[in-house]
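Some notes on the structure that comes next.
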Amino acid sequence: MFGVSARSVGTWWRASRTGGRRALLAAAREPRAGKGELIDDSARGAVLRAMQDYTPADIGQSGVLWTRASVRVLIKLVCGVSMTGRGVGKWLRRHDLTPQRPARRSYRQQNDQVSRSLEQEYPAIWAQASVEKAELVWADQCGLCSDTAPSGRSWVPAGQTPLARVNGRRFKVNIMSAVASRGALWFTVFPGKFTAKVMCFFLDRLATHARRKVHVIFDRHPVHRSKAVLAWLTENADHIELHLIPGYSPELNPDELLNADLKHHVHAARATSAEELAHETRRFPHHRQRQPRIVCGYFTAQHVRYTTQ
């Protein structure tokens, strides 16, 4: 019930037999004698602010991520204190810092456009779709290539490099998809380039399967803004309406999480032909269509949570 091992229970029982209940009280650990922390409060604040506002490259080091080695140099620069790499790691954890995988952002992203999109444009789109009782979806396209190396690692004896056999031929399959916060998923797989004709075909199928007007949100890919697509949208304005998110902001599109899910589960390098790769690519979203709970989970990620609030 409490997840306690029999050995621990035996230790407690023997302690209570010899020392009574007082022996069961947890004793406070006394700190080991030492010099204490060599970095005072003001210097620590300066180091932590520098780590938050700058990158190692900004202070003359290499790289853009803070590692123990780069923090060690920063502490030496700011405080004049020399620390070992192990000591730096302990110091960082003592002040609630942990190593984490960074999120990627483009230097070209315009923060004012992102703020305006989240605070003004998207609420207006959501309100319009609610009045029209229309479907609100996010769409995107991605490709899977046969020469992509398998991701991850494999357990092998020490000193031996694992071998992953892949297809030496290069071929590619593309997929265009759309997701809705209620768990709906639409997609089409195509072998050639992504063109205005492909997009218009997908939008036509999307409007047909949704059985009501659709407000679809895309990124600013050139095809999405092409004359042929805009002309098609003008002719079908009663069935579908297109909206664009700010440029260089893929993290705002929940459909990007479907793309990541697809590339994680479909191993393109194992396909022996374009037909087999297309079959595997179709099978995965078909499977996800029967799992609306997982599709809804795409909308709970931190950067796309605005879509359901």
Side-chain angles (χ1 to χ4, degrees), residues 1-52 56 63 65-76 78-104 149-164 183 257 260-267 270 284 287-288 290-305 308:
M1 182 181 298
F2 297 102
V4 179
S5 66
R7 183 175 181 179
S8 297
V9 174
T11 302
W12 296 343
W13 174 254
R14 289 189 297 271
S16 65
R17 291 287 298 272
T18 58
R21 291 192 176 186
R22 184 177 297 275
L24 298 178
L25 298 178
R29 296 181 59 184
E30 297 182 358
R32 293 182 298 175
K35 297 181 180 180
E37 187 167 314
L38 299 178
I39 304 175
D40 57 25
D41 293 342
S42 60
R44 179 174 66 247
V47 171
L48 297 180
R49 283 193 300 271
M51 292 178 61
Q52 182 177 1
L65 302 179
W66 287 108
T67 63
R68 289 186 297 179
S70 58
V71 175
R72 178 185 179 186
V73 175
L74 177 64
I75 293 176
K76 178 67 174 179
V78 175
C79 310
V81 177
S82 298
M83 301 178 64
T84 64
R86 183 176 181 181
V88 170
K90 290 183 177 180
W91 184 84
L92 292 171
R93 285 183 168 83
R94 187 184 308 145
H95 297 292
D96 299 328
L97 275 73
T98 58
Q100 300 181 38
R101 186 186 299 274
R104 296 189 301 175
S151 59
R153 301 187 179 189
S154 179
W155 287 93
V156 295
Q160 297 184 15
T161 302
L163 177 64
L257 299 176
D261 196 14
L262 171 70
K263 293 180 179 181
H264 178 73
H265 288 90
V266 177
H267 303 287
R270 295 191 303 186
F284 177 80
H287 187 57
R288 283 290 182 259
R290 297 189 294 271
Q291 297 173 316
R293 176 181 57 84
I294 296 181
V295 178
C296 291
Y298 298 149
F299 292 82
T300 62
Q302 178 181 357
H303 300 296
V304 297
R305 206 168 294 165
T308 57

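Computed from heavy atoms alone, side chains included, the values below leave out hydrogens, waters and symmetry copies.
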Backbone N/O of C296 and side chain of T300: donor-acceptor pair under 3.5 Å
no
Show every salt bridge (Lys or Arg N to Asp or Glu O under 4.0 Å) that has at least one partner inside residues 91-100, sequence neighbours left out.
E37-R94
Nearest non-hydrogen partners of Y298 and L257, listed with the distance:
O-CD1, 2.9 Å
With a 3.5 Å cut-off and no angle check, do the side chains of Q291 and R288 form a donor-acceptor pair?
yes
How close do V47 and C79 get, heavy atom to heavy atom, and via which atoms?
CG2-SG, 3.8 Å
Could you walk me through whether L92 and V71 pass the side chain to side chain contact (heavy atoms under 4.5 Å, CB included) check?
CA-CA 9 Å; L92 292 171; V71 175; 4.1 Å; yes
How close do M83 and W91 get, counting heavy atoms only, and between which atoms?
CE-CB, 3.9 Å
Report the C-alpha separation of L97 and L48 in whole Å, then their side-chain angles, then the decisive distance to 0.1 Å, and conclude whether the side chain to side chain contact (heavy atoms under 4.5 Å, CB included) test is met.
CA-CA 10 Å; L97 275 73; L48 297 180; 4.1 Å; yes
Calculate, to the nearest 0.5 Å, the distance between atoms CZ and NE2 belonging to R270 and H267 respectively.
4.5 Å
R68 side chain to G89 backbone, donor-acceptor under 3.5 Å
no
Side-chain heavy atoms of P56 within contact of L65, under 4.5 Å:
no
Pairing donors with acceptors under 3.5 angstrom, does anything connect the side chains of T67 and S70?
yes
What pair of heavy atoms forms the shortest contact from W66 to A50, and how long is it?
CZ2-O, 4.0 Å
Do L74 and M51 touch side chain to side chain, with heavy atoms closer than 4.5 Å?
yes
Looking at every heavy atom in both I39 and A43, which two are closest together, and how far apart are they?
CG2-CB, 3.7 Å
H265 atom NE2: more than 12 heavy-atom contacts under 6.0 Å:
yes
